[in-house]
Protein chains: 2
Amino acid sequence: MTRRVADSPKPLYQQLADSLRAKIISGELSPGSQLPTEKDLCEEFATARQTVRHGLAVLVNEGLISPARPRGYFVRRHELSYVRPQSEWRPQPSSPEMDRWMEEQTTLGREPSQRISVEIIQPPSKVAERLNIQPTSLVVARRRVRYIDSEPFNINDTFYPYELVKGSEILNPADIARGASQVLTELGYEQVRATDEIEARMPLPDEVARLELGPGNPVLVHRLTGYTANDEPVRCTVNVLIGSKHVVLFERVKPGKASL
Amino acid sequence: MTRRVADSPKPLYQQLADSLRAKIISGELSPGSQLPTEKDLCEEFATARQTVRHGLAVLVNEGLISPARPRGYFVRRHELSYVRPQSEWRPQPSSPEMDRWMEEQTTLGREPSQRISVEIIQPPSKVAERLNIQPTSLVVARRRVRYIDSEPFNINDTFYPYELVKGSEILNPADIARGASQVLTELGYEQVRATDEIEARMPLPDEVARLELGPGNPVLVHRLTGYTANDEPVRCTVNVLIGSKHVVLFERVKPGKASL
DNA sequence: CAGGTGGCATTGTCTAGTCAATCCGCACCA
DNA sequence: TGGTGCGGATTGACTAGACAATGCCACCTG
C-alpha cells in the first residue's frame with residue numbers, strides 16, 4: 001500500500017528529509033543534538049523502517065547529520081579554520097622547532113601533529129603537466145597527513161622534480177623547520193611566483209581512507225604550483241582539505257594601488 | 001541468509017561499489033558509458049535488488065555515476081571551467097553589449113545566458129558581518145543565475161549597502177555592460193582591495209533548486225568582499241559554483257619581486 | 001509520411017520482516 | 001571498591017517481494 005496521496009507528489013522519504021532538514025536549518029535541532037530514533041520516526045510518519053532510513057540517508061549524504069551507532073543520529077558540527085596560501089611569503093616562524101602550520105595551530109590552542117613520508121615516483125598526470133615534465137621522469141613526493149587533536153585534518157602532498165632536490169634535506173621524511181621553500185631558495189631555485197587552483201569534489205577512496213571521511217563530506221582540493229624568476233616550475237603541492245573544516249582566504253589589491 | 005563470509009568483513013553493497021568504482025577510475029568504464037542494469041548486477045553478485053541499489057547509491061553520492069531513468073546508470077562527465085577572480089581588475093570588455101562573463105563564454109564557443117533579479121532586503125548574517133553593517137539595515141541584493149547551453153552553471157549574488165547605491169543603475173535588474181564595479185567607482189566608491197573566501201560544502205535546498213543539482217554534487221562557495229581605499233566594504237558577492245564544473249584560479253607574485 | 005499510442009525495459013518507492021554488530025549502563029560478583 | 005559480564009536499545013545489512021513512473025521505440029492509423 002502506498003501512503004502517498006495523489007496531490008502530494010513528493011515521496012514520503014523526501015518529506016521526512018525535508019521536515020528534518022528544515023528543523024536543522026532553522027536551528028530547532030542544533031549542532032550536536034540528537035535526532036529521533038528510526039523507530040520514533042517510523043511511528044511519526046507511519047511508515048516502514050526502510051523508508052525512514054532512506055530519508056535519513058539523504059541527510060547523511062547532504063552532510064547535515066551523521067549516525068553514531070548504536071546511539072542514534074546527531075546533527076553535525078561545522079567548525080572552519082582559515083587557510084592563507086599567501087602567508088608562505090611572510091616572515092619565518094619564530095620557533096625553530098615547528099613549521100608554520102604547526103605553530104599557527106598551537107597558537108590557536110589546538111594540538112597539531114603530522115605524519116610525513118617521502119617517495120620517489122613518477123608523477124600523477126596533473127602534477128607532471130604543472131611541473132612541465134614528462135610523466136615518466138621522476139619526482140620526489142613529500143606526503144603529509146596533518147591531524148588536530150588526533151583527528152585527521154588535511155592532506156598535503158608536495159612534488160618536486162627529482163633533479164632539483166636530490167641529495168637535499170627535502171628527501172628526509174621529517175619536519176623542515178625553516179620551510180621547504182627556504183631549502184629550494186638555498187638550492188638556487190627561489191620561488192617568486194605561484195598559481196593556486198581550487199576545486200571541490202567528493203573524495204576518492206584513498207582520500208577517504210587517509211582522512212577517515214564518511215559520506216556527505218566533500219573535499220576542497222588546492223593545487224599550488226611555484227615558479228622561479230625564470231618561470232620554471234619548481235614544485236607542485238596538492239592540498240586535500242576536508243570541506244567542513246577549511247576556508248581558503250586570499251587578499252588582493254588592485255594593481256597600481258598602494259598595498260598596506 | 002547472509003552471503004558475507006566471516007573472512008571478508010566488507011558488506012556486499014560495498015564490494016559492489018568498490019568493484020564498479022575501480023572500473024570507473026581505471027577507465028574501463030569511461031565517462032558517458034552505461035553501467036550494467038540493476039538486474040544484471042543482481043545476477044552478477046547473486047544478491048537482492050535492494051543491495052545492488054544500496055551499492056549504486058554509494059557511487060551516486062560520490063558523484064561518480066548518475067541514474068537516467070529509465071535508461072540505466074551512466075558514468076558522469078566532469079568538465080571544468082576556470083574562474084579567475086583577479087580578472088575583475090583587468091581592462092574592460094571590448095563589446096558594450098555583454099558583461100565580462102558573457103563575453104568570455106561566447107569566446108569559448110558556448111551559449112551563455114543569465115537571469116537577473118534585484119531585491120532590497122535585510123542581509124544574511126554572513127554578508128552583514130562582511131559589509132560591517134547591522135543585520136537590520138538594508139542591502140540591495142543583485143541575484144543572478146547563469147546558464148551555459150541552457151544548463152545551470154552558477155549562482156552569483158552580490159549585496160551592496162542600500163545607502164551606497166540607491167538611485168543608481170545597480171537597482172535595475174538588467175545587464176550592466178561596463179560592470180557593476182565601474183558604477184561603484186562613478187558613485188565615488190572605487191574598490192581597490194578585496195578578500196576572497198572559498199569553501200566547499202553540499203548545497204542547501206534552495207541552491208539545489210536554483211542549480212538543478214542531484215546528489216553527489218558539492219558546491220564551491222566563493223565569497224568576495226570589496227573595499228575602498230578607506231577600507232570601507234562596498235560590496236559582498238557570494239558565488240555558488242557547481243563543483244564538477246569550476247576551478248578557481250589565483251596568481252600570486254612574491255612581494256618585492258617584479259610582476260609581469 | 002506524420003502523428004499518436006501502447007508495450008517494455010528500467011529505475012523509483014515502499015512494505016514487513018530477519019539477523020548482526022555495537023556501545024552503554026546496570027546488576028552482580030569478588 | 002572495582003571489575004566483569006550480560007542485556008537492551010539502536011543502527012547496519014539483507015531478503016523477497018509489489019506496484020508506480022518514465023522515456024523510448026516499434027507499430028499502427030490516418
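In the text below, chain A, chain B and the rest are named by the order of the sequence lines, each starting its count at 1.
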Between D/dA21 (C1') and A/Lys10 (NZ): distance, integer Å: 18 Å
Heavy-atom closest contact (A/Ser87 atom, A/Glu104 atom, distance): OG-OE2, 4.4 Å
Which atom of A/Glu197 lies closest to which atom of A/Arg130, heavy atoms considered: OE2-NE, 2.6 Å
First encountered from the 5' end of DNA chain C, between B/Pro36 and B/Gln50: B/Pro36
NZ/NE/NH1/NH2 to OD/OE distance under 4.0 Å, B/Arg100 and B/Glu88: no
Value in whole Å for how far the P atom of C/dT11 lies from NE2 of A/His54: 15 Å
Value in whole Å for how far the P atom of C/dT11 lies from CG of B/Leu59: 14 Å
Candidates D/dT11, C/dG12, D/dT15 - which lies nearest the side chain of B/Thr47: D/dT15
Short side-chain N/O contact to D/dA13 OP1/OP2 from B/Tyr13, under 4.0 Å: yes
N/O (side chain, B/Thr51) to phosphate O (OP1/OP2, D/dT15) under 4.0 Å: yes
Rounded interatomic separation in angstrom, taking CD from A/Gln14 and C1' from D/dA21: 16 Å
Integer-rounded Å distance: C/dC19 P and A/Arg49 CZ: 14 Å
Donor-acceptor under 3.5 Å (A/Glu207 side chain, A/Leu213 main chain): no
Could you list the protein-to-nucleotides 6-10 of chain D atom pairs, N/O on both sides, closer than 3.5 Å?
unit_1, atom_1, unit_2, atom_2, d
D/dT10, O4', A/Pro70, O, 3.4

Atom-pair distance (CD1 on A/Ile65; P on D/dT11), nearest Å: 10 Å
Atom-to-atom span, CZ of B/Phe45 to P of D/dT15 - whole angstrom: 13 Å
Rounded distance in Å - CZ (A/Arg53) to P (D/dA13): 7 Å
Side chains of B/Tyr13 and B/Gln50, donor plus acceptor under 3.5 Å: no
Minimum-distance pair of heavy atoms, taken over all atoms of B/Phe153 and B/Trp101: CD2-CZ2, 3.7 Å
More than 12 heavy atoms from other groups under 6.0 Å of CZ on A/Arg110: yes
